[in-house]
Amino acid sequence: MDTVASTARWHNWSGGLAFEPAVVARPNSVAELREVLRRAADRDATVRPVGAGHSSTPLVQTDDVLLCLEGLPVGVLEPPRDGQAWVGAGTRLHELGEHLRRYQLAMPNLGDVDTQAIAGAIGTGTHGSGRGLPSLSAQVTGVRLVTAAGDLRQIDAGHDPELLWAAQVSLGMLGVFTAVRTRVVPAFQARRREWGLPVDECLAAFEDLLTVNRNVDFYWYPRRDDAHLRTVNPVDDDPGPERVPASGCTEDRVGPSDAALIKRRALRFHETEYFVPASAGPACFQEVRHRIRTRHRHHAAWRVLYRYVAADRAYLSPAYQRDSVTISIHQNETLPYREFFADLEPIFLAHGGRPHWAKIHQLEGRALLSRYPQAQRFLAVRERLDPDRRFLNGYLCRLLDL
């Protein structure tokens, strides 16, 4: 096991978060992980687990033990059965597709990027886009974790669904995930198309496009005030371009579903994202569009992403019991972003928005918890599994009014 005193500042993926933990622990087995947690308990130290460090908020920040999952077993841990697969918690999403293809399987959906570890993606409510397609968290049917006391525990939908609904989006507060059991689908080849079109036409057609395409979303470019629509469908069930009010197809490629859903990018960015009720999506977007065009067009260098996420039952899911539209604002890592993002936040809140846990936002405490009907049920589970607050940090305490 690699457990060393920290000698340098830790930086997240975008570079927007930096801190210096006292210790960085990299256990290479579940047994070593249990020992790390027992030692932390002995000296009353706090522990924050980290996967790929893709989150923009200070979820992993700690002055004590930063626990890296990269050394734990990855990939598919045992033969899949009944449309479900146990996957190592530290497995990066960009590697998961290859692991699953060995069993002729695939994830039901993925997000826009695939740099995250699956535990981090699940723990923060990461999602893709498509009618009837919920977040990655909602696909989880079981979790194996190590508690703050170093004990092994398995949470299973069949035995304790309420505990699972707490674990599905848990921000690393219930224990350290070692494996997750996720629903999978038969592997399929998918066709990805991208189209350029006026943003108003794209927004007007979006509901119809959701009904005929497996995956659909669009980017709006503030400076040009036009849109880039993306559709992804199985190659043997592709509706074709007839219902797309587009000026032309700018990309057309076929590949494994996981590769088709992802867009590779070299540039890094900061991001804020809110989930609003699906019915409020168009109006919310138009207000965001107007504000950016009138106040921020001169420095809004990146696009705005519009997606659709199906409702789920996870207590802290931003899509809890409501189909949602998500609107993501991006900014290049080298450019100012905090005032820009903060100026848009009141629009999202006025439309009933809930922030993505891993993206930059200013909502905390009661103002945040009031937007989650089952927040107190989650907090009761957190208290039961970690009464000594081993997995909390200052940010999480402010966030959840603890």
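Below, all heavy atoms of this structure are taken into account, side chains as well, without hydrogens, waters or symmetry copies.
- Side-chain contact, E273 with H127: a donor N or O sits under 3.5 Å from an acceptor N or O.
- In terms of heavy-atom proximity, A106 sits nearest to S257 at CB-OG, 3.6 Å.
- In this structure, the separation between CD1 on I122 and CD on Q116 is 11.0 Å, given to the nearest 0.5 Å.
- Under the salt bridge (charged side-chain N to carboxylate O under 4.0 Å, His left out) criterion, R43 pairs with no residue, sequence neighbours left out.
- For the pair Q331 (side chain) and H299 (backbone), a donor-acceptor distance under 3.5 Å is present.
- A donor atom on one side chain and an acceptor atom on the other are not found under 3.5 Å apart for W220 and D226.
- A donor-acceptor pair is defined here as one N or O able to donate and one able to accept, closer than 3.5 Å; such a pair exists between the side chain of S324 and the backbone of R322.
- Atom CD of E78 has more than 12 heavy atoms from other residues, nucleotides or ligands within 6.0 Å.
- In this structure, R230 and D112 approach most closely via the heavy-atom pair NH1-OD1, 2.9 Å.
- Interatomic distance, L110 CG to N215 CG, rounded to the nearest 0.5 Å: 9.0 Å.
- Between the side chain of S129 and the main chain of R307, no donor-acceptor pair closer than 3.5 Å is present.
- When every heavy atom of V47 is checked against every heavy atom of A40, the shortest pair comes out as CG2-CB, 3.6 Å.
- Annotation: salt bridge (Lys or Arg N to Asp or Glu O under 4.0 Å) contacts involving residues 88-99, sequence neighbours excluded, comprise E98-R102.
- Heavy-atom neighbours of D63 CG from other residues, nucleotides or ligands within 6.0 Å: at or below the threshold of 12.
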Starting from the C-alpha separation in whole Å, work towards a yes-or-no answer on side-chain contact (heavy atoms from CB on, under 4.5 Å) for L379 and L369.
CA-CA 10 Å; L379 293 176; L369 295 179; 4.3 Å; yes

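- Checking each of Y315, F378, F275, W357 against Y372 for a ring pair (Phe, Tyr, Trp, His ring centres under 6.0 Å) leaves exactly one that passes, namely W357.
- Under the ring-ring contact (aromatic ring centres under 6.0 Å, His included) criterion, no residue pair touches residues 133-190, with sequence neighbours excluded.
- The minimum heavy-atom distance between R354 and S317, with the atom names listed, is NH1-O, 3.9 Å.
- Checked by atom type, the side-chain pair Q168/S137 shows no donor-acceptor distance below 3.5 Å.
- Side-chain contact check for R384 versus L163: some heavy-atom pair is nearer than 4.5 Å.
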Taking it one step at a time, do R181 and T141 satisfy side chain to side chain donor-acceptor pair (under 3.5 Å)?
CA-CA 6 Å; R181 187 176 62 207; T141 62; 2.8 Å; yes

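- Without hydrogens or angle criteria, N213 side chain to V216 main chain gives no donor-acceptor distance under 3.5 Å.
- In this view, D82 satisfies the salt bridge (charged side-chain N to carboxylate O under 4.0 Å, His left out) rule with no residue, not counting sequence neighbours.
- Between H228 and Y221, the ring planes lie perpendicular to each other; the angle is over 60°, past the 30° to 60° tilted range.
- One distance of note links CZ of R382 with CG of L400; it measures 8.5 Å at 0.5 Å rounding.
- Side-chain N/O atoms of T178 and R144 include no donor and acceptor closer than 3.5 Å.
- Within the 3.5 Å criterion, the main-chain N or O of W13 finds a donor-acceptor partner in the side chain of R268.
- Applying side-chain contact (heavy atoms from CB on, under 4.5 Å) to C202 and the options Y219, F218, Y306 leaves one that passes, F218.
- Inter-residue side-chain proximity for D343 and R291 is flagged as met; some heavy-atom pair is nearer than 4.5 Å.
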CA sep, side-chain torsions, deciding dist, call: D252, R192, salt bridge (Lys or Arg N to Asp or Glu O under 4.0 Å):
CA-CA 6 Å; D252 189 343; R192 176 192 180 105; over 6 Å; no

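- For residues 72-114, the set of pairs meeting the ring-ring contact (aromatic ring centres under 6.0 Å, His included) definition, not counting sequence neighbours, is empty.
- Annotation: side chain of I329 is not in contact with side chain of W302 (no heavy-atom distance under 4.5 Å).
- R26 places no side-chain N or O within donor-acceptor distance of the main-chain N or O of G71, the cut-off being under 3.5 Å.
- Atoms OG1 and CG, from T147 and L37 in turn, are 7.5 Å apart once rounded to the nearest 0.5 Å.
- Within the model, atoms CG of L72 and OG1 of T91 stand 9.5 Å from one another, a figure rounded to the nearest 0.5 Å.
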Between R131 and T211, is a side-chain contact (heavy atoms from CB on, under 4.5 Å) present by the stated rule, with each step listed?
CA-CA 7 Å; R131 188 183 296 279; T211 65; 4.2 Å; yes

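- Side chains of T62 and D64: a donor-acceptor N/O pair is absent below 3.5 angstrom, by distance only.
- With values rounded to the nearest 0.5 angstrom, I327 atom CD1 is found 14.5 Å from H356 atom NE2.
- The backbone N or O of R366 sits nowhere less than 3.5 Å from a side-chain atom of D401 that would complete a donor-acceptor pair.
- Looking at H54 and T124, their side chains never come closer than 4.5 Å, going by heavy atoms from C-beta outward.
- Nearest heavy-atom pair, P108 versus R214, reported as atom, atom and distance to 0.1 Å: O-NH2, 2.7 Å.
- Contact annotation: the side chain of T46 never approaches that of N393 to less than 4.5 Å [non-hydrogen atoms, C-beta and beyond].
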Verdict with reasoning, E345 to Y274, per side-chain contact (heavy atoms from CB on, under 4.5 Å):
CA-CA 8 Å; E345 199 161 28; Y274 266 80; 2.5 Å; yes

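- With contacts defined as side-chain heavy-atom distances shorter than 4.5 Å, the pair V176/F391 qualifies.
- When every heavy atom of H270 is checked against every heavy atom of L335, the shortest pair comes out as CD2-O, 4.4 Å.
- At least one side-chain heavy atom of L399 sits under 4.5 Å from a side-chain heavy atom of H361.
- The aromatic rings of Y337 and F341 sit tilted, their planes meeting at an angle between 30° and 60°.
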Should E194 and K263 be marked as a side-chain contact (heavy atoms from CB on, under 4.5 Å) after you check the CA-CA gap, both sets of side-chain angles, and the distance that decides it?
CA-CA 11 Å; E194 298 193 11; K263 186 75 170 182; 3.6 Å; yes

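- Inspection of the E364 and Y395 side chains reveals no N or O donor paired with an N or O acceptor under 3.5 Å.
- Side chain of D258 to main chain of I262: no donor-acceptor pair is present (N/O by atom type, distance under 3.5 Å, no hydrogens or angles).
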Distance-only check: which donor-acceptor pairs under 3.5 Å involve side-chain atoms of residues 277-287, not counting sequence neighbours?
from, atom 1, to, atom 2, distance (Å)
Q286, OE1, R289, NH1, 3.1
Q286, NE2, D200, OD1, 3.3
E287, OE2, H351, NE2, 2.9

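- A 4.5 Å side-chain heavy-atom check between L67 and L33 finds at least one atom pair inside the cut-off.
- Judged purely by atom type and a 3.5 angstrom limit, R48 uses its side chain to pair as donor or acceptor with the backbone of L59.
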